[in-house]
Amino acid sequence: MVTVKSHEKFNGVYWVASDEGEKILATKNLAPGIQVYGERLFKVKGDEYRAWNPYRSKLSAAIWNKINEIYLASGSKVLYLGTATGTTASHVSDIIGNEGVLYGVDFAPRVMIQFKQNVAQHRRNIIPIFADARKPREYAHIVGKVDLIYCDVAQPEQAKILVDNALLTLKSGGHGMIAVKARSIDSVEDPEVVYKREIRILEENSFKILEVVNLEPYEKDHVLVVAEY
Ligand SMILES: C[S@@+](CC[C@H](N)C(=O)[O-])C[C@H]1O[C@@H](n2cnc3c(N)ncnc32)[C@H](O)[C@@H]1O
């Protein structure tokens with residue numbers, strides 16, 4: 001029998017125990033019956049849960065690796081930079097529920113079409129924004145003020161992108177997260193040197209670093225940096 005229990009720390013996050021006794025991280029599906037990336041769905045007592053794969057989502061990997069806080073709750077407002085086709089964004093949408101809002105930014109046209117058709121269309125808490133995250137002035141008026149900026153654009157200057165977006169859209173006392181793939185910024189440098197430089201940029205721009213979560217073995221050379229504004 002499949003059973004579900006709440007995550008010990010995070011509201012809106014669950015542990016599903018499958019028939020085979022496997023322990024699976026999950027969120028409650030806000031769009032029942034609809035899969036976003038082929039994830040397993042589990043029906044338990046009238047609710048549907050979606051497996052949240054740590055090999056596909058860095059935030060899931062961070063939860064598996066015991067991140068202290070995710071700064072997401074029912075009703076949170078989130079600016080999500082680099083939604084891609086919505087794998088992680090869809091789980092964030094599940095957690096914040098219909099009281100919350102996720103503004104999802106990506107600049108790749110095909111990815112944005114898929115995100116709109118497969119994810120945003122089925123969820124009324126997602127507002128897709130086809131834009132370049134390096135130019136927050138172009139969309140800040142749509143976003144207003146948010147509680148959390150999640151930045152996973154796999155680009156150099158992620159810290160700068162977070163800082164520029166925070167200036168226009170992040171509440172004071174709000175939080176920022178960046179997924180830093182150290183080697184995508186400069187492939188010859190030691191990964192640790194690279195992400196420490198990103199951290200310094202945040203610290204010089206009104207962020208206090210709260211934690212740095214290593215995402216191995218799910219994501220090689222990746223850390224998730226969590227900071228307060
Ligand atoms: C690693 S993927 C994001 C994966 C996604 N966060 C997830 O966990 O499901 C990076 C995405 O960032 C987008 N991206 C890169 N640079 C960007 C920019 N300057 N503005 C907006 N999107 C950008 C890419 O198009 C790509 O879809």
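Both counts, for ligands and for their atoms, begin at 1 and track the order of listing.
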### Task
Report the part of A131 in contact with ligand 1, treating N, CA, C, O as backbone and CB onward as side chain, heavy atoms under 4.0 Å; options are side chain, backbone, both, neither.
backbone

### Ring centroid separation Y218 to Y55 under 6.0 Å
yes

### Task
Using a strict cut-off of 4.0 Å, indicate which atoms of ligand 1 neighbour a heavy atom of A84.
3 (C), 4 (C), 27 (O)

### Query
Going by the order shown, which atoms of ligand 1 are within less than 4.0 Å of some heavy atom of A133?
18 (C), 19 (N), 20 (N), 21 (C)

### contact_flag L81 ligand 1 heavy-atom lt 4.0 Å
no

### Query
Among D132, T83, V153, whose side chain to side chain contact (heavy atoms under 4.5 Å, CB included) with D106 holds?
T83

### Message
Please check this pair: side chain of E198 against backbone of A159, looking for a donor-acceptor N/O pair closer than 3.5 Å.
### Response
yes

### Query
NZ of K28 to OH of Y49: how many Å apart, nearest 0.5 Å?
4.0 Å

Enumerate, atom names and distances included, each donor-acceptor pair closer than 3.5 Å involving a side-chain atom of residues 209-216, sequence neighbours excluded.
from : atom 1 : to   : atom 2 : distance (Å)
E211 : OE1    : N68  : N      : 3.1
E211 : OE2    : N68  : N      : 2.9
N214 : OD1    : E216 : N      : 2.9
E216 : OE2    : D221 : N      : 3.1

### Residue, atom name and distance, where the atom is the protein heavy atom closest to atom 9 (O) of ligand 1
T88 N, 3.2 Å

### Those atoms of ligand 1 less than 4.0 Å from some heavy atom in Q155
15 (C), 16 (N)

#### Entry: N or O pair under 3.5 Å between D152 and ligand 1
yes

### Task
Tell me whether the centres of the aromatic rings in Y37 and H91 are closer together than 6.0 Å.
yes

### Query
Backbone or side chain, does any N or O of A154 fall under 3.5 Å from an N or O of ligand 1?
no

### N or O contact, S57 vs ligand 1, cut-off under 3.5 Å
no

### Message
Only heavy atoms of A108, strictly under 4.0 Å: list the atoms of ligand 1 that pass.
### Response
25 (O)

### Query
Between L59 and ligand 1, which part of the residue brings a heavy atom under 4.0 Å of the ligand: side chain, backbone, both or neither?
neither

### Summary
Near D132 (heavy-atom distance under 4.0 Å), the atoms of ligand 1 are 18 (C), 19 (N), 20 (N)

### Query
Quick check: does any side chain N or O of D94 sit under 3.5 Å from a backbone N or O of L30, one acting as donor and the other as acceptor?
yes

### Query
Does a donor on one side chain and an acceptor on the other come within less than 3.5 Å for R200 and N205?
no

### Query
Do D164 and K160 meet the salt-bridge criterion of a basic N to acidic O distance under 4.0 Å?
yes

### Task
Below 4.0 angstrom from a heavy atom of Y80, which ligand 1 atoms are there? Numbered from 1 as shown, please.
5 (C), 6 (N), 7 (C), 8 (O)

### Message
For the 3.5 Å polar cut-off, considering only N or O atoms, please tell me whether K58 and ligand 1 meet it.
### Response
no

### Query
Is any side-chain heavy atom of F10 closer than 4.5 Å to a side-chain heavy atom of I63?
yes

### Query
Between V111 and ligand 1, is there a nitrogen or oxygen pair with a distance under 3.5 Å?
no

### Message
Please compare F130, F107, F115 and report which has the shortest non-hydrogen distance to atom 23 (C) of ligand 1.
### Response
F107

